[in-house]
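Labels below follow one simple rule: chain letters A, B, ... track the order of the sequence lines, proteins then strands, and each chain is numbered from 1.
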Number of protein chains: 2
Amino acid sequence: MTEDEICRGASLSLPPDVEEALCQCGGIAGLVERLPEEGILERESALHRALADPFRLKILAMLAVQPFCVCVIKAVLGIADSKLSYHLSVLKTAGLIVGEAQGNWIIYRLTGEGSVWAQQIAGSGRS
Amino acid sequence: MTEDEICRGASLSLPPDVEEALCQCGGIAGLVERLPEEGILERESALHRALADPFRLKILAMLAVQPFCVCVIKAVLGIADSKLSYHLSVLKTAGLIVGEAQGNWIIYRLTGEGSVWAQQIAGSGRS
DNA sequence: ACACTGTTTCAAATAATGTTGAAACAATGG
DNA sequence: CCATTGTTTCAACATTATTTGAAACAGTGT
């Protein structure tokens, strides 16, 4: 096996410049090694999945103003109770919001990570 | 209708502190107004949907090192051609990567937005 | 023209997510 | 204890995303 074949990690034919760059990265094996760990990728993709819905982004945007109870969020979004509850649970599971009982109501607010993302949403329409 | 009722936008009963805060936000109507536009929310959630998969995060991570052709990406990820092609198309549609033909191969690289997100992934395991 | 390689497309099967309405729960006030 | 209000849970269903394998396409070299 030639040195080039070792670099490539298999017998791939490639454009010359890609092949050279690949060698400098330690070949296929080198690239595989430097990928983020599976656990990190899982967590990261789960986070983005939670952010991948307009209702949920709206919820984060309004909680960035102020913590609110479910009934206010419901009035702003104009959706059914159970639907809202589902989306709240997705955000809660992702660690973006937390709910705390206060008398008759449950007040939801952003977590630290939730407010980072809420800011990002607020800023996404900037010029 | 009392001023409070105007603030609430409807006859909701609320914890006193939430009610006051709601009034200062312009009530339900005020909150609805300050939500990001529908178009922005759609775009933002579509972006996160594209980032919501470990294979796609891996692709972004490796393209952050260097542009590569499909066959190298395939070797690193160890998945079938058509599956990879699907994930590449999701990333392409989201504007995170672009592919350019070069001889026999198609070389994919990050767009500006793609590299912003790729950095975010790379940094997510930091101490 | 032919065979080959790298890549994409397609349709069918499967899996994951989101929606709905009804029912359940928990706390409050009568 | 009962009725009410705010919220969650559940199961059925609808929708959307992902995976698969086969077939198609485009470009190269023969």
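- One atom, CZ of Phe55(A), and another, P of dT17(C), lie 18 Å apart when rounded to the nearest Å.
- Atom pair Lys83(B):NZ and dA15(C):C1' shows a separation of 12 Å (rounding to whole Å applied).
- Along DNA chain C, the nucleotide nearest to Asn104(A) and the one nearest to Ser82(B) differ in position, and the one closer to the 5' end is contacted by Ser82(B).
- When the nucleotides dT8(C), dA22(C), dT7(D) are ranked by their closest atom to the side chain of Trp105(A), dT7(D) comes out on top.
- The phosphate of dT19(C) (OP1 or OP2) has a side-chain N or O of His87(A) nearer than 4.0 angstrom.
- For Asp53(B) and dA16(C), the CG to P distance is 12 Å, given to the nearest whole Å.
- Phosphate proximity of dT18(D) to Arg56(B): present, with a side-chain N or O under 4.0 Å from OP1 or OP2.
- Between the CG atom of Leu14(A) and the P atom of dT7(C) there is a distance of 9 Å, rounded to whole Å.
- The distance from atom OH of Tyr108(B) to atom CG of Leu88(B), rounded to the nearest 0.5 Å, is 5.0 Å.
- One distance of note links NZ of Lys58(B) with NE2 of His87(B); it measures 10.5 Å at 0.5 Å rounding.
- Comparing atom distances between the Leu88(B) side chain and each of dT19(D), dT8(D), dT8(C) picks out dT8(C) as nearest.
- For Tyr86(A), whose side chain is taken as the heavy atoms from C-beta onward, the closest listed nucleotide among dT18(D), dT20(C), dT17(C) is dT17(C).
- Side-chain proximity of Ser85(B) to the nucleotides dG21(C), dT8(C), dT8(D) is greatest for dT8(C).
- When each of Val90(B), Leu110(B), Leu84(B) is checked for a side chain to side chain contact (heavy atoms under 4.5 Å, CB included) with Ile59(B), only Leu84(B) meets the rule.
- In this structure, CG of Asp81(B) is placed 12 Å from C1' of dT9(C), rounded to the nearest angstrom.
- Not a single donor-acceptor pair under 3.5 Å links the side chain of Ser115(A) to the backbone N or O of Ala118(A).
- Between Asp53(B) atom CG and His48(A) atom NE2 the span is 11.5 Å, to the nearest 0.5 Å.
- Rounded to an integer number of Å, the gap from CG of Leu91(A) to P of dT7(D) is 16 Å.
- Atom C1' of nucleotide dT18(D) and atom CG of Leu77(B) are separated by 15 Å, given to the nearest angstrom.
- The nearest whole Å value for the distance from the CG atom in Leu84(A) to the P atom in dT8(D) is 8 Å.
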